Every structure is written in structure tokens, then in C-alpha cells.
Protein chains: 2
Amino acid sequence: MDVLMDAQSKLVPEMMELMQQRYRLLKLVKMAGPIGRRPLGQMAGLSERETRTMMDMLRGQNLIHIAKDGASITTEGLSVLLALESSMDDWSGRTSIAKRLMEFLGIQSVKVVAGNCDTDIASKNLLGMEAAKQFSAEIGEGKVVAVTGGSTIASIPLHIEKFNGANNLLFIAARGGVGDDIGLQANVIAASFASACGGTYSTFYYPESLSEEAHEAFRKEPSVLKMLELYDTTDCVLHGVGDAQTMATMRNTPTEEQDMIHDNGAKGEAFGYYFDQDGNVVHRLRTIGIQTGHLMKIPLIISVAGGSSKAEAILAYMASAPKQTVLVTDEGAATEMLKILVNK
Amino acid sequence: MDVLMDAQSKLVPEMMELMQQRYRLLKLVKMAGPIGRRPLGQMAGLSERETRTMMDMLRGQNLIHIAKDGASITTEGLSVLLALESSMDDWSGRTSIAKRLMEFLGIQSVKVVAGNCDTDIASKNLLGMEAAKQFSAEIGEGKVVAVTGGSTIASIPLHIEKFNGANNLLFIAARGGVGDDIGLQANVIAASFASACGGTYSTFYYPESLSEEAHEAFRKEPSVLKMLELYDTTDCVLHGVGDAQTMATMRNTPTEEQDMIHDNGAKGEAFGYYFDQDGNVVHRLRTIGIQTGHLMKIPLIISVAGGSSKAEAILAYMASAPKQTVLVTDEGAATEMLKILVNK
DNA sequence: ATTAAAGGGACAAGTAACGTCCCTACGGTT
DNA sequence: AACCGTAGGGACGTTACTTGTCCCTTTAAT
């Protein structure tokens, strides 16, 4: 992964666009041979005047040579192109993938980190860092934040620091219920978020496999009512997305329920809901937590999931995800998603 | 060597300056802890308003955090700093060295490539590449180019390619006389330049150790007169710089002459002239070739020499070098030169 | 209470880029 | 020979952004 390019894009973001444009222009000049200013600008999607200023610049740097029959690339230009090729193509590849995905999914923004979480361990960290960055940047003060379980979300607080204007935050588990690995439970993760941000957290355990009557009774408990109220005032959700089959297996779902989930075409899972490829809810865990109805009213939703194996699951959830969603994913999942989308 | 940074500095030079400033600012914020806008600007050599705009930018990118007691760096800022550290320090180190050397030597420009030719073989190639680039960029059409011998100059044509607007060039040896290694003779090098550029070349051999009378007679030969005329109309000189002692030994100079050269304080050698540390000519080979008197009138002079062992020699020659000289050297020689200069 | 130093708001001025013209020089076609 | 399409390049008014400059509020230390 090109950490250098990414770092640069943070230090001098306004220049990256300029650089991309000039790089593209240089590449076009190389390919289109001696070419005039006007057709070149048209190819690059720039106005004639813009093209002209850029060409003047490139000529000033001896990267292109301008003759009567148009502009052609110089050897110096070629060497510059060569030196930047791999980095630029990688970096601008990821940014353009992100842009396309954002349009396809119709959500607020998409961030794509390098690598593939399925095979590359470093990508998991990048995913966590990027998610932490998005969260830190967007969250305000005194907000209620709901988090889900899973290793992806669990890695986020490791990359958050205290006192970055995110004070007085209250973290809660987006869904009751317990998992197997204590470290990946939503409640524990909420606690570590609170510790990382200097905020507070509120725990809540929901007994598994209650009977219908017990469930109804439980819903009237004061502690439950308090949680329900919190869910209503949640300002931000940080959640992962899972593969439906994998999640069902991991949760020790009864066989007949697993079959039902499978038969209904469930592909993705998020905060206890199972979605088919069109984004329809085909099943849900019977528990207290964030409801899909809540989501629309929540201003900040950060979905974090990576790895090409999760592409289908992410698409399934995103098919009905609210517009204000911010998706943080990796190259593996992003390219796979685009592959599926264009084949549709 | 950071080819990426160098390429970028050509594609978007205005970005590099901005980036350097922001990088420095970020580094200062990291070091000086929570610090205010005004002292920070003073440290960075920026006006208050500039500092402010930059800080707003850095805050917008979540690289610094601004509180009531001043600005401090965020973890994201730290990671950006870390990612850019090696490249930036290397690149901006070399550019600042080049700038300082340019001022100290009072010549047109100085290019510093990474490494040390004495120990690093790759640096020799970089030196050749950079020299080739400078030559290609500055030379026009139909010019007369004089080249000297030596392995450094010999490596340049390998990095030149045909048809970059450098047509109709005539290459000649800057000095008559033959060396030991046929591949490093000026005549052979002139031929390989011509081949690389698609130009022509003119050979000329000057018999060694002629008597005074023979020398005078020889100067009236038509072929010699033709060469002398060419030397008068030379448009560009590409030459190396050698250590006086080493050159004298390599040339099988008689012992008494070597002693004389040494006693006169000769440090550097270029196109047959020996220079002391103040740039005075203390000895010269009796041969046909470019004279120091010619140099002043030649618009493009490219001096190529690297390796810390040559620092003293380069300084000796540069002490009296014409202002239009372009020096291409390496980090090893450049830092050594600066060390000597500041100790003076 | 006072003072120094922090961030931040406001506004005029200066600059660089941009849109929009037009002109001239080739080279090939009719 | 005349014509037309395309090439680069010059000129100028407008605009948008940066920058310099001043002032205000807040906070912590004295």
C-alpha cells in the first residue's frame, strides 16, 4: 500500500487533484502523440483555458515539448511518468473505485483502504484506522454512540485517542445478547471505546433464547426501558457487516433456523438483521437493540467491513442502507463489489 | 534515492513547497507541544496569517488538534509524519544542500543525487542519469558539444535517448591526448554521445609528449586548426572533475612533474588543468583543447563529479568556475563540500 | 484584578487563475 | 491559387482565493 501517497493526500489534498490532472494530461500527451490543446482538453475533461495553463506548466518543466503540430512528451516527461506510474495508478485507482462505489450504492461516502482483509493482516489495521479517523472527524460532543460486536469494530478503539474534541460521549451496545469471545462482545467494545475516547458506557445484557412470554415481560423491565430510550436518541452507529451464513453458524443458530435463513436468500448480516441481495430483511434476532426503523433518523452511520469474501454481504446490506451511511472497506471487497455491480 | 519525490517535484513543484511548509509546521507542532499560532509562525518563518491558514487546513484534515491552550498533533498527524519522514527528510535534505551549495559556489545550479559514488555503485548511475537529464533539457539544436574523458562522463550517453529535440549535435573531445582505457577516452565518449543523440562527432588525436618544436609545428596542421576553430565555437562542455594527485598518477606523469604539481598545492583537475584550493591554475597539460579562456563564453557548462573523496577537488575547480556552470554531484561529495566550506 | 497569550471573526487589497475572445501560421484539400 | 481546419499564442475583464491587518473574547497565570 502506498502510505506515502495517502499521507500526502492528507497533507496537501488540494494538490493531489492537480497532480492527478497533470499526470493524466501527461499520459494523454504520451499516448496521443503530437496533439493540440483543444482535443487534449476535451479528452481530459478540462476546459481549453485550464488545459492551456497546465500545458504551459508542463512545458516550463520540460515534461512536454510544444511544436507547431502540437504537444509531445519529452524524455524527462517519460521518466516522470515512469517514476509515478505504480504509485499513482494504485492510489488514484483506489480513490476512483471509492467514488464509483459511492455512486453505485448511493451513500454519503466510501473510503477504500489498500489490501484485502481476507489475506492481508495489515489491511485490518488500516480498516480500523480509517474507521477511527472517520469517527473522530465526524462525531461531535455529548453524543450517544451505538457499537456492534466483531473483530473489525473491536479494532477501532485501538486507533482512537483521547481529547480530540469527542468528549462526553456515551457508548452503548447496538444490540443485546452475548457472543462467544468476550473480547468481541458489543458491551466490551463499547467499554473500550469509552476508555479510548474518555467517555462513558452503559452495559446491557440480554438473556439468550427467552421464551416469547419471558421476552414480553423482559421488555417492561426498567433497565430495558432505559436502553430502549437510549436507542431512540442514538446519534451514531458503528457497525460491522457479516456474511449471513458465517454469522448464523457462529451464533450457534438452530439448524432449522439456519435452513430458513438460507432458504430466504439471506446474504448479509448487520446488528442482528439478515438481508437478502435486494436489501430486504429476511430474518432478525429477537433481541433489544437498534431497529432498522431507527437508522433513518441517525445522522451518522459508519459501516466497516473488508475482505473480498464479504463483498456480497456488504452489497446486501447496502442495498437498503440509509443515505447518510459512511462505508469503510478495503480494496478486496471494493473491487469485488464493483465486479458484481457491473455484471448486474 | 527517492525517484517518486523527484518526479513529483517536477510534476507539481508548487506542491512540494507547500508540502514542505506543512510538513515543517506539523513537525514543529509535534515538538513544541501545545503551541500558539504566533510563535509557531515565527519558528516556521511564516507570517501570522499564513500560519493560520495552514493550521486551519491541518485542523480540517485532523492532523492537529486546536484547543484553548494552542495546537497539538493528533495521532493521525503523527502517522502522516511517520509515513513522510524518510522521504521528506531525504528529499528536502538534498534540495536544501543543493541550494546552499549553489549559493556558496556562486554558480547557476547544483543538482544533488542520493548516495555516495565512492561506496555506492547505484549513485554512479544516478549521476549519469541526472547529467543526461540536465544536458537533454538545456541543449538546443545544431550545437557543438565538447566532452572530456573519465568513467563519470562515459556513463552519461547510456542514459540519453534519441530524438528528444537534440538533433544535429556535433560532439568533440574537449582535449586531445589519449588515456589508458580506450573506453574512457574523450574521443570514444564523444562517439558514444553522438550515437546516443543521433548526432555526429569529430575525432582528434594528439600525440603525447611532443617536443616543444614539434608541438609548435603541430599547431599549424590543418586538422588541428579545424579543431581549434571548433573549440572557439563550442556551445556546451560536459566535463568531469578529478583529484589532482590521482589524475597525475593515472596519467603516468613524470615524477618531477608530479612533485611540482603537489608542491604547487594542486587539488583538482578538469580538462587538463590543475587547480589549487583557490581556483588558481597551477599546471596544465600541454595539449590542444578547451582553454579556461574559452569557458567564460560557453553558455552551458555541465560539471559532473561525485564521491566524498572528490569534494576537495570539486571545490578547487569551482573556486574559479564560470557562473553559468551546472554542477551535478552526489550527496557524499555535496555534504563533504559543505563541511569544508563552513569550516573556512 | 490584571495581563499576556491563546483562537477566531471581519474586511480590504492584491494576485493568480479562468472564461472568452481574437489573431497568425501551417498543411492539406478542392 | 484559394480555402479551411487545426495548431499555438496574445489580450483583457471577471472572479475567486489568499493574504495582511486589526480587533475581539476567553483563559490561565500572576
Side-chain angles (χ1 to χ4, degrees), chain A residues 11-26 28-74 77 137 140-141 163-168, chain B residues 11-26 28-74 77 140-141 165:
Chain A
L11 238 199
V12 274
E14 68 275 33
M15 288 294 159
M16 297 309 275
E17 206 172 332
L18 230 185
M19 187 160 146
Q20 273 187 303
Q21 288 178 334
R22 290 193 187 164
Y23 177 79
R24 275 178 49 206
L25 216 63
L26 201 56
L28 283 173
V29 168
K30 174 192 166 194
M31 291 190 298
I35 185 177
R37 178 210 308 161
R38 296 172 182 91
L40 193 61
Q42 205 165 7
M43 277 195 248
L46 300 171
S47 78
E48 181 192 327
R49 198 61 181 79
E50 283 174 317
T51 314
R52 190 167 162 188
T53 12
M54 286 209 186
M55 286 176 72
D56 285 344
M57 160 62 54
L58 293 179
R59 185 185 48 176
Q61 294 293 113
N62 268 310
L63 301 180
I64 62 175
H65 173 67
I66 293 186
K68 288 291 177 188
D69 60 339
S72 47
I73 196 165
T74 64
E141 297 200 358
F163 307 123
N164 53 353
N167 288 323
N168 291 323
Chain B
L11 234 199
V12 269
E14 65 271 41
M15 156 170 153
M16 299 310 277
E17 206 172 329
L18 231 186
M19 192 160 135
Q20 271 188 307
Q21 288 179 333
R22 290 193 188 164
Y23 176 80
R24 275 177 49 205
L25 215 64
L26 200 57
L28 283 173
V29 168
K30 174 192 166 195
M31 291 190 299
I35 184 175
R37 178 209 310 162
R38 295 171 182 88
L40 192 61
Q42 205 163 9
M43 275 194 248
L46 300 171
S47 79
E48 181 193 327
R49 197 58 180 79
E50 283 175 316
T51 314
R52 190 169 162 187
T53 327
M54 288 211 184
M55 286 176 72
D56 285 344
M57 158 63 55
L58 293 177
R59 184 185 50 176
Q61 295 293 113
N62 269 309
L63 301 180
I64 62 174
H65 173 67
I66 294 185
K68 291 293 178 188
D69 60 339
S72 47
I73 196 165
T74 65
E141 299 198 357

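The structure displayed is predicted, hence computed values, not measured ones. Atoms considered below: every heavy atom in the structure, side chains included; atoms not considered: hydrogens, waters and symmetry mates.
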**Student:** How many angstroms lie between atom CD1 of B:I64 and atom CG of B:D56, to the nearest 0.5 angstrom?
**Tutor:**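 Answer for the CD1-CG pair, B:I64 versus B:D56, is 8.0 Å.
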**Student:** Calculate the interatomic distance between B:D56 atom CG and C:dA10 atom C1'; express it in whole Å.
**Tutor:**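 Whole-Å distance recorded here is 14 Å.
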**Student:** Examine the base of D:dG10 for any acceptor or donor lying under 3.5 Å from a partner atom in the side chain of A:R52, and report the outcome as yes or no.
**Tutor:**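 A donor-acceptor contact between them is present.
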**Student:** What is the distance, rounded to the nearest whole Å, between atom NE2 of B:H65 and atom C1' of C:dG8?
**Tutor:**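 Answer to the nearest Å: 15 Å.
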**Student:** Distance check needed: D:dT18 P versus B:E17 CD, whole Å only.
**Tutor:**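 Taking atom P of D:dT18 as the reference, CD of B:E17 is at 16 Å.
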**Student:** Rounded to whole angstrom units, what separation is found between the CE atom of A:M57 and the C1' atom of D:dG9?
**Tutor:**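 Rounded to the whole Å, the gap is 17 Å.
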**Student:** Do A:D69 and A:I35 have side chains that approach each other closer than 4.5 Å (heavy atoms only, starting at C-beta)?
**Tutor:**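 Contact flag for A:D69/A:I35 side chains = no.
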**Student:** Between the side-chain atoms of A:R38 and the base atoms of D:dG5, is any donor-acceptor pair under 3.5 Å?
**Tutor:**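 Side chain to base: no pair present.
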**Student:** What's the closest nucleotide to the side chain of B:R49 if the choices are C:dG9, C:dG19, D:dG20?
**Tutor:**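 Among C:dG9, C:dG19, D:dG20, the one nearest the side chain of B:R49 is D:dG20.
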**Student:** Measure the distance from CD on A:E14 to C1' on C:dA16 and round it to the nearest whole Å.
**Tutor:**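 The answer, rounded to whole Å, is 15 Å.
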**Student:** Using a heavy-atom cut-off of 4.0 Å across all strands, would you classify A:L46 as base, sugar-phosphate, or nothing?
**Tutor:**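 Contact class for A:L46: none.
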**Student:** From CE of A:M54 over to P of C:dA16, roughly how many Å is that when rounded to an integer?
**Tutor:**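 After rounding, the gap between these two atoms is 18 Å.
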**Student:** Please report the distance, rounded to the nearest Å, between CG in A:L58 and P in D:dG9.
**Tutor:**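 So the two atoms are 13 Å apart, to the nearest Å.
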**Student:** As a test of reading the structure: which of C:dG7, C:dC21, D:dG8 is closest to the side chain of A:E48, going by heavy atoms?
**Tutor:**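 When the side chain of A:E48 is considered, C:dC21 is the closest of C:dG7, C:dC21, D:dG8.
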**Student:** Between A:S47 and C:dC18, does any side-chain N or O lie under 4.0 Å from OP1 or OP2?
**Tutor:**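 Answer no for this pair, as no side-chain N or O of A:S47 is under 4.0 Å from OP1 or OP2.
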**Student:** NA contact type, A:P39, heavy-atom cut-off 4.0 Å: base, sugar-phosphate, or nothing?
**Tutor:**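 Touches sugar-phosphate only.
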**Student:** So B:M15 and A:L18, do their side chains get closer than 4.5 Å, heavy atoms only?
**Tutor:**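 In short, these two side chains do not touch, never coming nearer than 4.5 Å.
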**Student:** Are any of the side-chain heavy atoms of B:L63 and B:L26 separated by less than 4.5 Å?
**Tutor:**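 Yes, at least one pair of side-chain atoms sits under 4.5 Å.
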**Student:** At their closest point, which heavy atom of B:R49 faces which heavy atom of B:T53, and how far apart are they?
**Tutor:**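 So the two residues come closest at O-OG1, 2.7 Å.
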**Student:** Closest approach to the side chain of A:M55, judged atom by atom: which nucleotide of D:dG8, D:dG9, D:dT21 is it?
**Tutor:**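 That would be D:dG8.
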